[in-house]
Amino acid sequence: QLQACGGGLVQAGDSLRLSCTAGRTFGNYGVGWFRQAPGKGREFVAGITWNGARGHVLDSVKGRFTISRDNAKNTVSLEMNNLKPEDTAVYYCARDRTSYTTGSYAYASDENNYDYWGQGTLVTVSS
């Protein structure tokens with residue numbers, strides 16, 4: 001199971017750091033962050049390969065969000081800066097269903113490529 005945490009209520013321009021941890025190692029797997037805003041479908045936010053060598057982020061968060069991982073700590077983080085009200089959503093982390101992939105943006109952003117999902121953490125950004 002994956003667990004996402006770090007969400008909260010912040011003001012526009014603030015920062016948050018989300019963390020995704022696993023009860024068992026996911027060091028051999030890519031991890032993605034997705035979000036679902038109220039009344040909308042789930043969308044890809046960021047993804048990172050199993051070794052951290054390659055990362056992808058959604059265009060609308062590029063330059064503000066950074067994904068990273070520490071396999072020794074079994075943790076994948078999403079650093080979110082300069083948050084905007086439109087970033088308000090439940091954020092989920094998920095594990096790639098295939099180990100050792102070095103996928104493209106198209107691969108990382110496809111939620112069908114993920115099997116284990118965390119419970120989500122709510123991020124609310126007030127204007």
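Fair warning: this is a prediction, and the values are worked out from it, not measured in the lab.
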Separation between [atom1] of [X] and [atom2] of [Y], rounded to the nearest 0.5 Å:
X	Y	atom1	atom2	value
I67	T49	CD1	OG1	9.0 Å
Y92	E111	OH	CD	11.0 Å
E86	S60	CD	OG	8.0 Å
D14	D87	CG	CG	11.5 Å
D70	S77	CG	OG	8.0 Å
C93	I48	SG	CD1	13.0 Å

Taking Q119 for its side chain and A4 for its backbone only, find out whether a donor-acceptor pair lies under 3.5 Å.
yes
Audit row: T101, W50, side-chain contact (heavy atoms from CB on, under 4.5 Å) steps and yes/no
CA-CA 7 Å; T101 59; W50 66 275; 5.8 Å; no
For the student: nearest non-hydrogen atoms of [X] and [Y], plus distance:
X	Y	value
S15	N82	OG-N, 4.1 Å
A108	H56	CB-CD2, 3.9 Å
P38	T88	CD-O, 4.2 Å
R69	G27	NH2-CA, 3.9 Å
V61	V45	CG2-O, 4.0 Å
R54	T102	NH1-O, 3.3 Å

More than 12 heavy atoms of other residues, nucleotides or ligands under 6.0 Å from CD of Q1: yes or no?
no
Inspect the contact between D59 and K62 and indicate whether a charged nitrogen and a carboxylate oxygen are less than 4.0 angstrom apart.
yes
Does R95 qualify as a cation-pi partner of Y29, given the criterion of NZ or CZ under 6.0 Å from the six-membered ring centre and within 45 degrees of its axis?
yes
Please determine, by modelled atom types, if N74 and T21 share a side-chain donor-acceptor pair under 3.5 angstrom.
no
Within the 4.5 Å heavy-atom criterion, are L83 and F65 side-chain neighbours or not?
yes
Side chains of R35 and L58, heavy atoms from C-beta outward: is any pair under 4.5 Å?
yes
Answer with yes or no whether the hydrophobic clustering places [X] together with [Y]; edges join I, L, V, M, F, W, Y residues whose side-chain heavy atoms lie under 4.5 Å apart.
X	Y	value
V31	Y105	yes
V90	L9	no
V76	Y107	no
L122	V125	yes

Show, in sequence, the C-alpha distance, side-chain angles and deciding distance for R64 and V57, and conclude whether the side-chain contact (heavy atoms from CB on, under 4.5 Å) test is met.
CA-CA 10 Å; R64 299 189 296 121; V57 293; over 6 Å; no
With ring centroids as reference points, do F34 and W117 lie under 6.0 angstrom apart?
yes
Going through the distances and angles, do T98 and N113 end up as a side-chain contact (heavy atoms from CB on, under 4.5 Å)?
CA-CA 8 Å; T98 305; N113 290 325; over 6 Å; no
